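For this chain, numbers begin at 1 and follow the sequence in order. All values reported here derive from a predicted model rather than from experimental measurement.
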Amino acid sequence: MANVNKAFGLRPLAKLGSNYNSDGDTQYKIASNTATAIFQGDTVTFGVSGGVSTGFIVKHTPAAPNILGVFLGCQYTDPTSKKPVWRNYYPGSIVADDIVAFVVDDPNALFLVQASGIAGAAAIGQNANLVQTAAGNTTTGVSGLELNTGSLGAASDLNVKVVGVTTDPSNSDLTAAYADLIVVINEHLYRGPTAGVS
């Protein structure tokens, strides 16, 4: 049966193991006038200047290490209307000193992500990189990030680890393209000794 092809980035699902899942997020700052848009479901990390973390989050580049977490949305004071704004994506180039991003940053959080091609049953237990297959949608605010099935393998320096497949019958066929896979972030910034820079 064909799976529904509709990329949505990484969507929070549960927690690894039998831990309590609060669906909690942490607030981080986005620097004023950051140019690159960040969509709901995009991975994020800390920006870097001169090899040192800036303390502000930026959109994570697929295939790079040190993922901080998954972006859910942001709030800020609109520079024109001076009114508070909440959006499920950051549109880029907002001049405001109070841009707050909401990020699922738990290293044990599980996420759903659409496969870019046929994953196959052997994908479960393997690592993979993420890939930007479509631009984020400025109408829905949702990411176009997917799991790159061409990168599936045992290498430890890949972004995520596949731990299962969705129970949704419309997107659970591993023999067809675009199955929704359950993943945990493999290269999490808070999992290991590496400093928080990319």
Stepwise, does the side chain to side chain contact (heavy atoms under 4.5 Å, CB included) test hold for K6 with D180? CA-CA 10 Å; K6 190 172 183 181; D180 289 348; over 6 Å; no
If hydrophobic clusters are built from ILVMFWY residues whose side chains come within less than 4.5 Å, do [X] and [Y] share one?
| X | Y | answer |
| --- | --- | --- |
| V104 | V113 | yes |
| I124 | V183 | yes |
| V58 | I94 | no |
| V103 | V85 | yes |
| Y178 | V4 | no |

Do [X] and [Y] get their side chains close enough for a donor-acceptor pair, meaning under 3.5 Å?
| X | Y | result |
| --- | --- | --- |
| T166 | N171 | no |
| Y28 | D105 | yes |
| H60 | T43 | yes |
| K161 | N127 | yes |
| N5 | Q114 | yes |
| T77 | D98 | yes |

To check you understand the geometry: which heavy-atom pair defines the closest contact between [X] and [Y], and what is its length?
| X | Y | result |
| --- | --- | --- |
| S143 | G41 | CB-C, 3.8 Å |
| A119 | L181 | CB-CD1, 4.0 Å |
| A37 | P91 | CB-O, 3.6 Å |
| F71 | I30 | CE1-CD1, 4.2 Å |
| P107 | Y190 | CG-CB, 3.9 Å |
| F46 | S53 | CB-OG, 3.4 Å |

Closer than 3.5 angstrom, by distance alone: can the side chain of [X] be matched with the main-chain N or O of [Y] as a donor-acceptor pair?
| X | Y | answer |
| --- | --- | --- |
| Q75 | V100 | no |
| S116 | L147 | yes |
| N129 | N159 | yes |
| H188 | L68 | yes |
| N3 | D173 | yes |

Any side-chain heavy-atom pair of [X] and [Y] under 4.5 Å:
| X | Y | answer |
| --- | --- | --- |
| I185 | F111 | yes |
| Q126 | V162 | no |
| F8 | T140 | no |
| P12 | L72 | yes |

V44 vs V70, test: side chain to side chain contact (heavy atoms under 4.5 Å, CB included). Steps then yes/no. CA-CA 6 Å; V44 293; V70 174; over 6 Å; no
Roughly how far apart are [X] [atom1] and [Y] [atom2], rounded to 0.5 Å?
| X | Y | atom1 | atom2 | value |
| --- | --- | --- | --- | --- |
| K29 | T34 | NZ | OG1 | 11.0 Å |
| L189 | I67 | CG | CD1 | 9.5 Å |
| T149 | I118 | OG1 | CD1 | 8.0 Å |
| Q40 | R11 | CD | CZ | 8.5 Å |
| N186 | L158 | CG | CG | 7.0 Å |
| L145 | T133 | CG | OG1 | 7.5 Å |

Is the count of non-hydrogen atoms from other residues, nucleotides or ligands lying under 6.0 Å from D97 atom CG greater than 12?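 No - once you tally the heavy atoms of other residues, nucleotides and ligands closer than 6.0 Å, there are 12 at most.
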Using a strict 4.0 Å threshold on nitrogen-to-oxygen distance, state whether D42 and K59 make a salt bridge.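 Yes, this pair counts.
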What orientation do Y90 and Y76 show, parallel under 30°, tilted 30 to 60°, or perpendicular over 60°?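 Answer is perpendicular, since the angle exceeds 60°.
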Run N137 and Y89 through side chain to side chain contact (heavy atoms under 4.5 Å, CB included) and show every step you take. CA-CA 9 Å; N137 187 315; Y89 79 104; over 6 Å; no
Take L13 and I182 through the test side chain to side chain contact (heavy atoms under 4.5 Å, CB included) and record every step on the way to the result. CA-CA 8 Å; L13 177 67; I182 302 170; 3.8 Å; yes
